[in-house]
Amino acid sequence: MNYWLMKSEPDVFGIDHLKQAPKKTEHWDGVRNYQARNMMRDEMKKGDQVFFYHSNCDEPGIVGIMKVVREGYPDHTAFDPEAKYYDPKSDPDNPRWYMVDVQYVRKLKRNIPLAELKQYKELEDMPLVRKGNRLSIMPVTKAQWNFILGLE
DNA sequence: GCCAACGTTGGC
DNA sequence: GCCAACGTTGGC
């Protein structure tokens, strides 16, 4: 099993939105970055565990855990001219963008803010804590995963 | 293929 | 709201 971290803006889609969704499950649409796309399309597997990270908010940080319940499939919002992340270069016969479905597992006992995560030598290799990193989906090693859970 | 311009992300 | 970092676009 692999571990991941996915970012989302809580004002747009936060962990409570996921918790309140039908079956506590939602598709992770709107990703328009090739590195992140490749991970969702090729690498994220059913049962993989994912940290839910809140970005662009008062206190950015890891707030909970979810799991992959459906592996990569085409992001249909790219085909919809009305959608915010419409991409005319993606078409159903040759989809450019992919998404996975994720299901709410639980919140962490406390939110772990980015400012704190940056302090730990154990996490210095995470793209998350590197300056200027904008990747919205990233792999997490088992060691990093366990270390972060130990911070709860 | 290079690279300047531009747009976006996201912390602060 | 500012701005650094980075990805993408498009002219040449």
Side-chain angles (χ1 to χ4, degrees), chain A residues 2-21 26-44 48-68 71-141 143-145 147-152:
Chain A
N2 289 309
Y3 301 95
W4 307 91
L5 179 144
M6 296 168 106
K7 298 180 184 175
S8 184
E9 301 186 19
D11 292 344
V12 180
F13 184 78
I15 189 155
D16 286 321
H17 294 99
L18 182 63
K19 187 180 182 181
Q20 288 157 20
E26 198 52 89
H27 45 266
W28 202 267
D29 61 21
V31 172
R32 298 292 179 267
N33 168 282
Y34 288 105
Q35 255 184 291
R37 188 277 311 265
N38 292 346
M39 287 186 262
M40 288 200 293
R41 189 188 58 187
D42 306 329
E43 296 179 46
M44 298 183 78
D48 284 359
Q49 303 256 97
V50 186
F51 280 133
F52 198 127
Y53 177 89
H54 281 175
S55 67
N56 226 336
C57 56
D58 285 350
E59 194 183 66
I62 296 172
V63 298
I65 297 172
M66 51 193 172
K67 65 180 179 185
V68 177
E71 296 175 9
Y73 63 106
D75 181 346
H76 56 80
T77 67
F79 310 142
D80 176 6
E82 304 296 317
K84 182 178 178 192
Y85 293 106
Y86 173 60
D87 181 353
K89 291 172 188 159
S90 186
D91 76 81
D93 293 330
N94 185 23
R96 175 176 292 202
W97 304 113
Y98 283 73
M99 59 190 179
V100 297
D101 285 357
V102 288
Q103 183 174 46
Y104 175 88
V105 174
R106 68 177 177 91
K107 291 188 189 180
L108 298 188
K109 297 186 191 93
R110 67 179 181 96
N111 295 352
I112 303 174
L114 177 63
E116 180 181 341
L117 295 170
K118 282 180 171 174
Q119 295 171 8
Y120 300 114
K121 178 169 55 64
E122 289 87 343
L123 303 178
E124 66 188 6
D125 290 333
M126 288 187 81
L128 184 69
V129 301
R130 298 242 192 83
K131 193 177 180 183
N133 190 276
R134 293 161 44 187
L135 198 56
S136 64
I137 300 176
M138 67 188 75
V140 175
T141 67
Q144 290 162 349
W145 180 272
F147 180 80
I148 291 167
L149 285 184
L151 299 172
E152 274 190 283

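What you see is a predicted model, and the numbers here were worked out from it, not measured in a lab.
Atom NE2 of A:His54 and atom P of B:dG11 are 12 Å apart (whole Å). Atom NZ of A:Lys118 and atom P of B:dG11 are 8 Å apart (whole Å). B:dT9 atom P lies 15 Å from atom CE of A:Met6, rounded to whole Å. The CG-P distance, from A:Leu5 to B:dG10, rounds to 11 Å in whole Å. For A:Glu116 and B:dC12, the CD to P distance is 14 Å, given to the nearest whole Å. If you measure from atom CG of A:Asp58 to atom P of B:dG10, you get 16 Å, rounded to the nearest angstrom.
Closest of all the heavy-atom pairs between A:Leu128 and A:Leu5 is CD2-CD1, 3.9 Å. Annotation for A:Pro127 and A:Asn133: closest pair O-CB, 3.2 Å, computed over non-hydrogen atoms.
Between A:Tyr53 and B:dG11, a side-chain N or O to OP1/OP2 separation shorter than 4.0 Å is present.
Here A:Asp75 does not pair with A:Arg37 in a salt bridge; the nearest charged N to carboxylate O distance is not below 4.0 Å.
Residues from residues 124-133 of chain A lying near DNA chain C, meaning a heavy-atom separation below 4.0 Å, are A:Lys131, A:Gly132 in numerical order. Proximity of residues 86-93 of chain A to DNA chain B (heavy atom under 4.0 angstrom from any strand atom) is not detected for any residue.
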- Passes side-chain contact (heavy atoms from CB on, under 4.5 Å), A:Tyr53 versus A:Val63? Steps please. CA-CA 6 Å; A:Tyr53 177 89; A:Val63 298; over 6 Å; no
- Walk me through it: do A:Gln144 and A:Tyr3 pass the test side-chain contact (heavy atoms from CB on, under 4.5 Å)? CA-CA 9 Å; A:Gln144 290 162 349; A:Tyr3 301 95; over 6 Å; no
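For the 3.5 Å distance criterion, the side chains of A:Asp42 and A:Tyr98 fail to qualify, holding no donor opposite an acceptor. Remark: the A:Arg32 side chain and the A:Thr77 side chain contain an N/O donor-acceptor pair separated by less than 3.5 Å.
For A:Glu71, there are no side-chain hydrogen bond (donor to acceptor under 3.5 Å, both in side chains) partners, not counting sequence neighbours. The side-chain contact (heavy atoms from CB on, under 4.5 Å) check on A:Asn33 picks up A:Gln35, A:Ala36, A:Leu135, with sequence neighbours excluded. Looking at residues two or more places apart in sequence or on another chain, you find a side-chain hydrogen bond (donor to acceptor under 3.5 Å, both in side chains) between A:Asp16 and A:Lys107.
Separation of the A:Trp97 and A:Tyr34 ring centroids falls under the 6.0 Å cut-off.
Across the interface with DNA chain C, nearest-nucleotide mapping of A:Asn33 and A:Asn56 shows A:Asn56 to be the residue nearer the 5′ end.
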- Task: Mark up nucleotides 1-8 of chain B, 5' to 3', with B wherever a protein heavy atom is under 4.0 angstrom from a base atom, S wherever such an atom reaches only the sugar-phosphate, and - elsewhere.
- Result: ------BB
